[in-house]
Participant: 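Sharing a structure below in structure tokens format, with a few things to ask.
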Amino acid sequence: MKLRNLALTTGLLGAVFTNTVFALGLGEMKLNSSLNEPLDMEVQLLNIGDMSELEMLVGLGSRADFKQAGVERIYSLTDLRFKVDLSAPGKPVIRISSRKPIREPYLDFLVEIQWPSGRLLREYTLLLDLPLYATESPSAKKIEAASQSSQPKVAPH
């Protein structure tokens, strides 16, 4: 009987702590900058519960994390700044920015978040476009191309 109660108690405690450890999550990213501009991006925070900004420590993954994940840790990543932003109700995010313009069109890096009961590491890959191409929509290009080709050609007499 004692063994059964001990197993039940251990199982319940394990379930409670497991749910707490995996409660916080990192979601989709939103890129607000282009190539040759300082980085400006947001990453969704999921399931933060009633945690405050002070309970979450966010930053770039360690050198060991990069090595273990097989991701190259380039020097320009050391310029990245991470800030937890809980100001928008129901839309908590991590703001990732840089002071210097990003010159590489492709960035691959690890974001680490730690909180009192756990740690999470997630890889993000960015493909930065030039500002001109980032603002044009593909449908606008198709419409423009279609309107140019449908004009009748007048042959000279």
Participant: Before you tell me yes or no, could you show the steps for Ser98 and Leu80 under side chain to side chain contact (heavy atoms under 4.5 Å, CB included), namely the whole-Å CA-CA distance, both residues' side-chain angles and the distance that decides it to 0.1 Å?
Facilitator: CA-CA 5 Å; Ser98 68; Leu80 298 184; 4.2 Å; yes

Participant: So, Gln68 side chain and Asp65 main chain: donor-acceptor pair closer than 3.5 Å or not?
Facilitator: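 No, the answer is negative, given that no donor and acceptor are paired below the 3.5 Å cut-off.
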
Participant: Side chain to side chain contact (heavy atoms under 4.5 Å, CB included) for Leu24 and Ile48? Distances and angles first, verdict last.
Facilitator: CA-CA 5 Å; Leu24 187 67; Ile48 66 166; 3.3 Å; yes

Participant: Nearest heavy-atom pair of Met51 and Pro116: which atoms, and what distance?
Facilitator: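 Closest approach of Met51 to Pro116: SD-CD, 4.4 Å.
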
Participant: Side chain to side chain contact (heavy atoms under 4.5 Å, CB included) for Leu107 and Ile102? Distances and angles first, verdict last.
Facilitator: CA-CA 9 Å; Leu107 277 183; Ile102 302 295; 3.9 Å; yes

Participant: Answer whether the closest heavy-atom distance between the side chains of Val84 and Leu45 falls below 4.5 Å.
Facilitator: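 SC-SC contact between Val84 and Leu45 confirmed.
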
Participant: Evaluate the side-chain proximity of Met56 to Leu86: yes if any heavy-atom separation is below 4.5 Å, no if none is.
Facilitator: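 They are in side-chain contact.
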
Participant: Is a donor from one side chain sitting under 3.5 angstrom from an acceptor on the other, for Glu42 and Gln44?
Facilitator: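 Per modelled atom types, Glu42 and Gln44 side chains form no pair under 3.5 Å.
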
Participant: Do Val43 and Arg122 come within less than 4.5 Å of each other through their side chains, counting heavy atoms only?
Facilitator: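 In short, these two side chains do not touch, never coming nearer than 4.5 Å.
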
Participant: State, yes or no, whether a side-chain contact exists between Tyr124 and Met29 at a heavy-atom distance under 4.5 Å.
Facilitator: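 Yes, their side chains come closer than 4.5 Å.
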
Participant: Compare all side-chain heavy atoms of Phe109 with those of Glu123 and state whether any distance is below 4.5 angstrom.
Facilitator: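 Phe109 vs Glu123: side chains apart.
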
Participant: Same cluster or not: Val93 versus Leu57, using hydrophobic residues (I, L, V, M, F, W, Y) connected whenever any side-chain heavy atoms lie under 4.5 Å apart?
Facilitator: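 Val93 does not cluster with Leu57.
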
Participant: Determine whether Met41 and Val58 fall in the same hydrophobic cluster, where Ile, Leu, Val, Met, Phe, Trp and Tyr are linked whenever their side-chain heavy atoms lie under 4.5 Å apart.
Facilitator: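 Same cluster.
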
Participant: Under 4.5 Å between any side-chain heavy atoms of Ile113 and Phe82, yes or no?
Facilitator: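 No, side chains not in contact.
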
Participant: Rounded to the nearest 0.5 Å, what separates atom CD in Glu53 from atom CD in Glu55?
Facilitator: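 Output value for this atom pair is 10.0 Å.
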
Participant: Do other residues, nucleotides or ligands put more than 12 heavy atoms under 6.0 Å from the CZ atom of Arg103?
Facilitator: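 Yes - once you tally the heavy atoms of other residues, nucleotides and ligands closer than 6.0 Å, there are more than 12.
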
Participant: Could you walk me through whether Leu128 and Leu31 pass side chain to side chain contact (heavy atoms under 4.5 Å, CB included), step by step?
Facilitator: CA-CA 9 Å; Leu128 299 161; Leu31 187 60; 3.4 Å; yes

Participant: Applying a strict under-4.5 Å side-chain criterion to I, L, V, M, F, W and Y, I'd like to know whether Ile96 and Ile74 cluster together.
Facilitator: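 Yes, because Ile96 and Ile74 connect within a single hydrophobic cluster, where side-chain heavy atoms sit under 4.5 Å apart.
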
Participant: Asn32 versus Leu39: any side-chain heavy-atom pair under 4.5 Å?
Facilitator: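 Contact flag for Asn32/Leu39 side chains = no.
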
Participant: For salt bridge (Lys or Arg N to Asp or Glu O under 4.0 Å), just list the numbers for Arg81 and Asp40, CA-CA rounded to whole Å, side-chain angles, deciding distance to a tenth of an Å, and then say yes or no.
Facilitator: CA-CA 10 Å; Arg81 305 288 179 240; Asp40 178 13; over 6 Å; no

Participant: Taking NZ, NE, NH1 and NH2 as the nitrogens, is one of them in Asp79 or Lys100 under 4.0 Å from a carboxylate oxygen of the other?
Facilitator: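 Judged by the 4.0 Å cut-off on N to carboxylate O distance, Asp79 and Lys100 do not form a salt bridge.
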
Participant: Please say whether more than 12 non-hydrogen atoms of neighbouring residues, nucleotides or ligands are located less than 6.0 Å from CD in Glu104.
Facilitator: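 Incorrect, the count does not exceed 12.
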
Participant: Search all heavy atoms of Leu110 against all heavy atoms of Ala69 and return the closest pair with its distance.
Facilitator: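 In this case the closest contact between Leu110 and Ala69 is CD1-CB, 4.0 Å.
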
Participant: Is a side-chain donor-acceptor pair under 3.5 Å present for Thr125 with Asp108?
Facilitator: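 Yes, side-chain donor-acceptor contact under 3.5 Å.
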
Participant: Are the side chains of Val111 and Leu121 in touch, meaning some heavy atoms are under 4.5 Å apart?
Facilitator: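 Of all side-chain heavy-atom pairs linking Leu121 with Val111, none is under 4.5 Å.
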
